[in-house]
Amino acid sequence: MPKPPVLTPQATDFPKWYQDVVSKAELADNGPVRGTMVIRPWAYGIWEQLQGQVDRRIKGAGAQNAYFPLLIPASYLQKEAEHVEGFAPELAVVTQGGGKELEEPAVIRPTSETIINSYFAKWINSYKDLPLRINNWSNVVRWELRPRLFLRTTEFLWQEGHTAHATADEAQGYAVGILEDVYRQVIVDVMGIPVIPGLKTDKERFAGAIRSWTVEGMMGDGKALQMGTSHELAQNFAKAFDIRFQDQNGEMQHPWQTSWGVSTRLLGAAIMVHGDDHGIRLSPRLAPTQVVVMQLAEDEPVAEAARATVQELLARGVRVELDDRVDRGFGRRATDWELKGAPVRIEIGKRDIEGGVATIADRVDRSKGPVPLTELVARTIEVLDGQHQRLYDEALTRRTERTVDVATVDEALEAAGSGFARIPWAILGVEGEEALAKQGVTVRCLVAADGGLPEPGADDLVAVVARAY
RNA sequence: CGGGGAGUGGCGCAGUCUGGUAGCGCACCCGGCUGGGGGCCGGGCGGUCGCAGGUUCAAAUCCUGUCUCCCCGACCA
């Protein structure tokens with residue numbers, strides 16, 4: 001007998017589907033303070049995969065990890081005018097400590113430009129100290145009016161990179177390099193999500209930056225999500241914090257800076273891009289557990305075959321988990337793994353053993369069938385190898401189908417109802433951007449006419465507009 | 001802050017209009033049977049009905065006040 005669906009179907013109510021899947025797949029719970037989030041082990045495991053992939057590439061880009069304090073003197077935030085203005089509304093401020101009123105309130109970091117740059121000022125003296133490239137894995141707090149788990153929470157986890165360079169060109173190259181070689185790569189090659197790299201408009205620019213670069217993804221409902229940003233700070237913070245170096249000619253100069261980050265928001269994208277009515281779907285490159293071996297019966301030969309399969313897969317470097325909860329109904333267990341998006345399930349029961357086979361279930365298309373035990377490991381790895389590309393292709397197809405070129409603001413509005421619209425920036429302009437904003441549609445980014453990364457000053461830029469999370 | 005809705009075992013809800021001392025589903029615990037898509041049968045644990053006052057012989061239910069949460073909009077990784 002078919003049971004009622006576990007999740008609200010996406011087509012019925014996408015936001016409800018999202019809430020359902022976050023809860024049923026045991027990804028996260030709301031924290032006790034509004035806007036806070038408890039990240040449960042499965043979702044945290046995904047985050048750890050992402051961290052590893054991002055961290056490796058950041059280090060490849062020459063940055064080193066360090067840690068800066070959670071609490072920042074309130075006065076630091078004041079030093080860069082646009083930065084204060086941008087963050088003031090979302091600050092959490094500590095006014096008491098040890099039972100006493102603090103002489104100077106401390107803000108909980110909403111981002112760490114100010115405190116990190118105050119140290120850059122100490123550490124940078126000569127051109128020989130440049131480039132200085134620091135990355136901080138941390139939590140930050142931005143008081144949110146309307147939180148949504150993973151997508152917009154008051155406290156979230158991220159990495160924030162901060163660099164200082166001798167020239168503007170080098171800083172720009174670095175900011176773009178992080179966008180392309182770290183963020184785009186991880187999102188495309190690990191998460192299996194197509195993204196549009198582009199330039200933020202002034203309206204969407206980071207508070208304190210001269211240019212913000214972004215990678216934008218399309219979610220399952222056609223809305224956009226900013227998945228990573230990289231900023232060129234020019235000399236704004238260097239001037240505010242008096243960071244100076246002596247160049248080869250003995251002249252004092254302010255360095256050119258960047259900052260860049262990706263956050264636990266990426267988990268929201270992982271859920272919303274590949275999720276279906278049965279749960280989330282994870283690329284094997286992202287999944288904490290790639291293969292779940294389900295022992296179906298309380299039976300020694302079956303248990304033995306299951307354990308042996310786990311060992312063989314482990315030996316091949318597969319992240320594999322044994323599910324021997326035979327006191328649970330089969331349906332429950334299968335559904336649980338499907339909700340969580342484990343890429344491959346191997347079911348081993350008495351029937352399989354008797355027939356010398358096991359059953360492989362592919363989460364991507366939910367196909368399932370018997371495979372001879374002798375070929376089990378090879379076939380499993382074959383399935384794993386193919387899944388990432390299939391997920392990527394599905395998402396890319398959807399994005400392509402839901403992206404249209406338009407020539408007027410009205411057409412852009414209409415198109416943004418179901419996906420992305422591309423409109424020449426020369427036509428849209430700042431006024432058009434405002435008009436769209438009144439209808440809840442924003443310019444996600446500006447791209448070159450051919451869809452690639454734009455030259456900042458170019459006059460043939462195309463705006464990608466959409467509703468966004 | 002503006003507009004809507006809701007607070008009743010862990011979760012989802014009924015009961016409120018018409019006061020009579022709290023119920024259902026899921027989850028959880030125990031036993032057995034099952035075991036190939038959220039299993040079945042039986043037996044259990046668990047709630048001072050958001051909070052504070054008031055009316056009444058009697059309040060989840062009526063009155064007053066208050067707090068909180070959720071959804072839609074304005075700010076945002």
Side-chain angles (χ1 to χ4, degrees), chain A residues 1-8 13 15-16 19-20 23-25 29-30 32-35 85-91 109-112 138-148 150-161 183 200 203-207 209 212 214-217 225-231 259-269 278-279 294-299 302 324-339 345-355 357-361 366 368-370 437-440 442 467-469:
Chain A
M1 278 294 111
K3 304 270 179 179
V6 179
L7 304 172
T8 303
D13 184 344
K16 186 70 167 63
Q19 290 182 335
D20 282 357
S23 155
K24 295 273 176 63
D29 268 333
N30 280 304
V33 172
R34 179 179 161 79
E85 196 188 325
F87 282 102
E90 17 183 20
L91 292 181
R109 61 179 164 222
T111 178
S112 303
S138 70
N139 57 338
V140 290
V141 167
R142 300 178 184 178
W143 219 259
E144 290 293 347
L145 301 174
R146 213 180 130 201
R148 283 154 85 59
F150 296 121
L151 301 174
R152 189 180 299 108
T153 48
T154 286
E155 178 189 7
F156 58 90
L157 306 183
W158 75 346
Q159 57 68 218
E160 48 176 321
Y183 298 159
K200 282 293 186 188
K203 186 177 192 300
E204 302 280 327
R205 193 167 33 84
F206 175 77
S212 288
T214 179
V215 275
E216 299 283 329
L225 184 73
Q226 176 175 310
M227 297 181 66
T229 47
S230 186
H231 313 291
S259 71
W260 26 275
V262 290
S263 72
T264 38
R265 170 179 271 189
L266 288 179
L267 296 173
H278 303 279
M294 286 179 68
Q295 174 193 331
L296 295 195
E298 196 162 15
D299 173 80
V302 169
D324 59 359
R325 300 172 298 169
V326 286
D327 56 339
R328 296 278 193 163
F330 168 81
R332 161 58 64 125
R333 295 160 67 199
T335 305
D336 278 351
W337 287 115
E338 203 156 63
L339 281 165
R345 230 171 44 240
I346 296 176
E347 301 171 3
I348 302 180
K350 288 188 188 177
R351 288 213 305 259
D352 296 294
I353 298 297
E354 285 160 10
V357 300
T359 301
I360 293 186
R366 298 183 75 235
K368 175 162 150 169
K438 291 203 172 81
Q439 308 292 315
T442 50
R467 295 185 183 282
Y469 280 98

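Chain A is the first sequence line, chain B the second, and so forth, proteins listed ahead of strands; every chain is numbered from 1. Predicted model, so just to flag it, every value in this text is computed and none were measured.
Rounded to an integer number of Å, the gap from CZ of A/R345 to P of B/G36 is 13 Å. One can place CZ of A/F330 at 16 Å from P of B/C40, the figure rounded to the nearest angstrom. Per the geometry, CZ belonging to A/R333 stands 17 Å off P belonging to B/U34, to the nearest Å.
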> What is the per-nucleotide protein-contact pattern of nucleotides 70-77 of chain B, from the 5' end, where B denotes a base atom under 4.0 Å from a protein heavy atom, S denotes such proximity for sugar-phosphate atoms only, and - denotes neither?
Replying inline: SSSSBBBB
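Of all nucleotides present, none satisfies the Watson-Crick or G-U wobble test against B/A74 with each distance under 3.5 Å. Taking a pair to require two hydrogen-bonding distances under 3.5 Å in either a Watson-Crick or a G-U wobble arrangement, B/U68 pairs with B/A6. Shown here, B/C28 forms a base pair with B/G44; the pair counts as Watson-Crick or G-U wobble because both key distances fall under 3.5 Å. Pair assignment for B/G23 gives B/C13, based on Watson-Crick or G-U wobble hydrogen-bonding distances that are each under 3.5 Å. A 3.5 Å limit on both hydrogen-bonding distances identifies no Watson-Crick or G-U partner for B/G37. For B/C49, there is no paired nucleotide, since no Watson-Crick or G-U wobble pair has both relevant distances below 3.5 Å.
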>> Using side-chain contact (heavy atoms from CB on, under 4.5 Å), reason through A/F206 and A/K200 one step at a time and then give a plain yes or no.
In response: CA-CA 9 Å; A/F206 175 77; A/K200 282 293 186 188; over 6 Å; no
>> Let's go through A/W143 and A/L91 carefully: what are the C-alpha distance in whole Å and the side-chain angles of both, what is the deciding distance for side-chain contact (heavy atoms from CB on, under 4.5 Å) to 0.1 Å, and is it a yes or a no?
In response: CA-CA 6 Å; A/W143 219 259; A/L91 292 181; over 6 Å; no
> How far apart are the C-alpha atoms of A/K368 and A/T359, what are their side-chain angles, what is the distance that settles it, and do they pass the side-chain contact (heavy atoms from CB on, under 4.5 Å) test?
Replying inline: CA-CA 7 Å; A/K368 175 162 150 169; A/T359 301; 3.5 Å; yes
>> Evaluate A/Q295 against A/I348 for side-chain contact (heavy atoms from CB on, under 4.5 Å), listing each step before the verdict.
In response: CA-CA 5 Å; A/Q295 174 193 331; A/I348 302 180; over 6 Å; no
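What you find for A/A207 and A/F87 is that their closest heavy atoms are CB-CE1, 4.4 Å. In plain terms, the two heavy atoms of A/Q159 and A/V262 that are nearest each other are OE1-N, 2.8 Å. Between A/R34 and A/R146, the shortest heavy-atom distance links the atoms NH2-CA, 4.2 Å. Closest approach of A/D352 and A/E347 over heavy atoms only: OD2-O, 3.5 Å.
Note that OG1 of A/T335 is 12.0 Å distant from CZ of A/R328, once rounded to the nearest 0.5 Å. In this structure, the separation between CG on A/L145 and CD on A/E90 is 8.5 Å, given to the nearest 0.5 Å. Here the CD atom belonging to A/Q226 is positioned 12.5 Å from the CG atom belonging to A/L151, to the nearest 0.5 angstrom.
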I'd like a list of close polar pairs between nucleotides 9-11 of chain B and the protein, N/O only, cut-off under 3.5 Å.
none

Could you go over nucleotides 24-29 of chain B and give all protein N or O partners under 3.5 Å, atom names and distances?
from: B/C28; atom 1: OP1; to: A/R328; atom 2: NH1; distance (Å): 3.3
from: B/C28; atom 1: OP1; to: A/R328; atom 2: NH2; distance (Å): 3.3

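The gap from the P atom of B/U8 to that of B/U34 amounts to 41 Å, rounded to the nearest Å. Taking atom P on both B/U61 and B/G25, the two are 25 Å apart, rounded to the nearest angstrom. Remark: the separation of the C1' atoms in B/A59 and B/C49 is 11 Å, to the nearest Å. Rounded to a whole angstrom, the distance from the P atom of B/U48 to that of B/C67 is 25 Å. Taking atom P in both B/U21 and B/A58, the straight-line distance is 15 Å, to the nearest Å. Between B/G47 and B/G3, the two C1' atoms lie 34 Å apart (nearest whole Å). Rounded to whole Å, the C1' atom of B/G9 lies 10 Å from the corresponding atom of B/C45. Remark: the separation of the C1' atoms in B/A14 and B/A52 is 27 Å, to the nearest Å.
Across all strands shown, A/E160 has no heavy atoms under 4.0 Å from either base or sugar-phosphate atoms. Looking at heavy-atom distances under 4.0 Å, A/R325 makes no contact with the nucleic acid at all.
Residues A/W158 and A/S138 bring a donor and an acceptor atom of their side chains to less than 3.5 Å of each other.
Across the interface with RNA chain B, nearest-nucleotide mapping of A/D336 and A/A297 shows A/A297 to be the residue nearer the 5′ end.
With respect to A/E338 and A/K24, no salt bridge is recorded, no charged nitrogen being found less than 4.0 Å from a carboxylate O.
Between the side chain of A/K368 and the base of B/G36 there is no donor-acceptor pair of N/O atoms closer than 3.5 Å.
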